[in-house]
Amino acid sequence: MSTRPRFDRGHTDDLISFLAASPSPYHAVASAAERLEKAGFRQVEETEAWDGGTGGKYLLRGGAIVAWFVPEAAAAHTPYRVVGAHTDSPNLRVKPLPDTGAHGWRQVAVEIYGGPLLNSWLDRDLGLAGRLSLRDGTSRLVNVDRPLLRVAQLAIHMDRSVHTEGLKLDKQKHMQPVWGLGGDVREGDLIRFVEEECGLAPGDVTGWDLMTHSVEPPAYLGRDRELLAGPRMDNLLSVHAATAALAAVATAPGADALPYIPVMAAFDHEENGSQSDTGADGPLLGTVLERSVFARGGTYEDKARSFAGTVCLSSDTGHAVHPNYGERHDPTHHPRANGGPILKVNVNNRYATDGGGRAVFAAACEKAGVPFQSFVSNNAMPCGTTIGPITAARHGIKTVDVGVAILSMHSARELCGADDPYLLAEALRAFLEG
């Protein structure tokens, strides 16, 4: 018997639009900023003096965004409520000398970013997107969102061992996509093509941060459309939820009387360690929070008091129990799709959650009327990690790891319950409200 969706799918519909419009971290922060602008936020520049004014503000740096709302009732020592996430996803990124090829095929030289499931990138129609740095010192976003490249798998007739030994891919030899035919490699060909796509003159582009993406759009899946399939849900699902939650809190009646300053911080480079000027292991978040204290006339003592009362929810996707590999999961913790957000726990501190943090998240979910689940890894399996422990250690603030349970993490196309993004956003909204 067919079942109806439990919730209005407006949030998930908007997530689909967000994913489609965000093929790179640079596009993701632009998409988030657009939504915040509609909620009354204004951009501030790092190179300019900050005032102590109230209201919504945001800062962009590369593929990272930090946004915050200062209520009229805020004092210099008012604590923050932070939702942290990351904008990057594993993929194939263009090398400095991109033009290559062999045996009459023109190819693009790519480097493996993060830890993608390589097989999921085979035989997919891929577009190209990212950031261009121009000769005049400005930058430009580019998104070639049509079939342009393809990593072709070797035919079964030439690799019978696939059935007995499994697929074995060499990251250097086997992952270079084709994009045309031609006997000679023409240096500068790819960048000239990108310049033409953007209406730029030859030679305008002097630097680039380009990456591939699947051009297959996100879509509801299943008999009852109760699932969502799409790219980059790790972790744009959390970025979108955090943006929606912050915008909702800032525009709600009584926002100027909030007991905390709500913050959304979406970092780049989580998939390769977070050690960059836009990563969670850099000073970006701490600098923004500190400058906000000082702009409101605060002292070092006010900053210390503020940080001592601050709590961060590190929101990242986690693992739903897999129907074909149930034995890989902890036998008593089986997060399910559409079961609500997950609380991620690891006593070896790969996740930052402790008992006090659990209580904070449980209170937010209870306030929002949202169920939540717990995730812990099978003891025989190594546990992944997030920006949570990094944020806690670098800034000395209580941090809790949460997220949405998905399948196919790090695939070119991932899968979650279609209700869970909304449930996460509602929990984040209640947390930011305090």
Side-chain angles (χ1 to χ4, degrees), residues 14-32 34 62-65 85-95 98 107-132 139-153 169 171 174-180 190-191 193-194 196-198 205 208-219 221 228-240 266-272 278 317 406-416:
D14 190 62
L15 171 61
I16 288 173
S17 298
F18 185 83
L19 293 172
S22 306
S24 78
Y26 315 107
H27 289 82
V29 299
S31 298
E34 180 182 5
I65 180 171
H86 67 89
T87 60
D88 59 319
S89 302
N91 57 17
L92 313 178
R93 302 205 171 186
V94 175
K95 288 184 175 181
Q107 294 174 275
V108 173
V110 296
E111 191 172 3
I112 310 301
Y113 178 81
L117 287 171
L118 294 179
N119 61 291
S120 71
W121 289 86
L122 300 178
D123 298 328
R124 284 190 184 273
D125 297 336
L126 304 177
L128 192 68
R131 178 181 64 179
L132 304 174
S139 63
R140 178 84 63 88
L141 297 185
V142 59
N143 182 12
V144 184
D145 194 30
R146 65 177 187 273
L148 180 68
L149 308 111
R150 187 180 180 92
V151 182
Q153 187 172 189
L169 295 171
K171 293 180 180 180
H174 302 149
M175 298 304 297
Q176 308 306 312
V178 299
W179 76 307
L190 179 69
I191 299 306
F193 165 79
V194 172
E196 291 174 1
E197 287 288 309
C198 292
V205 174
W208 54 88
D209 301 280
L210 296 171
M211 58 204 72
T212 61
H213 65 277
S214 172
V215 299
E216 184 180 3
L221 183 144
L228 176 66
R232 301 177 294 281
M233 285 197 278
D234 177 14
N235 187 32
L236 294 189
L237 187 158
S238 293
V239 175
H240 177 262
F267 304 99
D268 202 352
H269 302 131
E270 189 271 349
E271 297 293 355
N272 60 11
T278 54
T317 53
I406 69 171
L407 293 183
S408 306
M409 186 182 293
H410 286 201
S411 172
R413 196 168 178 85
E414 297 159 325
L415 184 71
C416 75

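Along the sequence shown, residues are numbered consecutively beginning with 1. All values below were derived from every heavy atom in this structure, side-chain atoms included, with hydrogens, water molecules and symmetry-related copies excluded.
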Does [X] use its side chain to pair, donor to acceptor, with the backbone of [Y] at less than 3.5 Å?
X: His410; Y: Gly115; result: yes
X: Glu414; Y: Met233; result: yes
X: Arg413; Y: Glu216; result: yes

Distance (rounded to the nearest 0.5 Å) between [X] [atom1] and [Y] [atom2]:
X: Asp125; Y: Ser214; atom1: CG; atom2: OG; result: 7.5 Å
X: Leu122; Y: Leu117; atom1: CG; atom2: CG; result: 11.0 Å
X: Leu132; Y: Glu197; atom1: CG; atom2: CD; result: 11.0 Å
X: Tyr26; Y: Ser31; atom1: OH; atom2: OG; result: 14.5 Å

side-chain contact (heavy atoms from CB on, under 4.5 Å) between Val151 and Arg124: does it pass, once the steps are laid out?
-> CA-CA 7 Å; Val151 182; Arg124 284 190 184 273; over 6 Å; no
Residues in side chain to side chain donor-acceptor pair (under 3.5 Å) contact with [X], at least two apart in sequence or another chain:
X: Glu111; answer: none
X: Arg140; answer: none
X: Glu196; answer: none

NZ (Lys171) with more than 12 external heavy atoms under 6.0 Å =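 Check fails, neighbour count at 12 or below.
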Heavy-atom distance under 4.5 Å between the side chains of Ile112 and Leu118, does that happen here?
->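 The answer is yes; the side chains approach within 4.5 Å.
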Please find the pair of heavy atoms, one from [X] and one from [Y], that lie closest to each other, and give the distance.
X: Gly127; Y: Leu149; answer: O-CD1, 3.9 Å
X: Pro218; Y: Leu19; answer: CG-CB, 3.9 Å
X: Arg131; Y: Gly62; answer: NH1-CA, 3.6 Å
X: Ser22; Y: Leu236; answer: O-CD1, 3.5 Å
X: Gln176; Y: Val110; answer: OE1-N, 2.7 Å
X: Trp121; Y: Ala412; answer: CE2-CB, 3.8 Å

Taking only residues two or more places apart in sequence, or in another chain, which ones meet Phe18 in a ring pair (Phe, Tyr, Trp, His ring centres under 6.0 Å)?
->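 So Phe18 forms a ring pair (Phe, Tyr, Trp, His ring centres under 6.0 Å) with His240.
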Under the ring pair (Phe, Tyr, Trp, His ring centres under 6.0 Å) test, residues paired with Trp208 that sit two or more places apart = none
Pair Asn143-Leu141, side-chain contact (heavy atoms from CB on, under 4.5 Å): steps then yes or no | CA-CA 7 Å; Asn143 182 12; Leu141 297 185; over 6 Å; no
Can you give each donor-acceptor pair under 3.5 Å made by side-chain atoms of residues 87-94, sequence neighbours left out, with the distance rounded to 0.1 Å?
| from | atom 1 | to | atom 2 | distance (Å) |
| --- | --- | --- | --- | --- |
| Thr87 | OG1 | Gly63 | O | 2.7 |
| Thr87 | OG1 | Phe267 | O | 3.3 |
| Asp88 | OD1 | His86 | ND1 | 3.0 |
| Asp88 | OD1 | His269 | N | 3.3 |
| Asp88 | OD1 | Glu270 | N | 3.2 |
| Asp88 | OD2 | Tyr113 | OH | 2.6 |
| Asp88 | OD2 | His269 | N | 3.3 |
| Asp88 | OD2 | Glu270 | N | 3.0 |
| Asp88 | OD2 | Glu271 | N | 2.9 |
| Ser89 | OG | Asp234 | O | 2.8 |
| Asn91 | OD1 | Arg93 | NE | 2.9 |

State which residue, out of Asp145, Leu126, Leu128, fulfils the side-chain contact (heavy atoms from CB on, under 4.5 Å) condition with His213.
-> Asp145
side-chain contact (heavy atoms from CB on, under 4.5 Å) between Leu228 and Leu15: does it pass, once the steps are laid out?
-> CA-CA 10 Å; Leu228 176 66; Leu15 171 61; 3.8 Å; yes
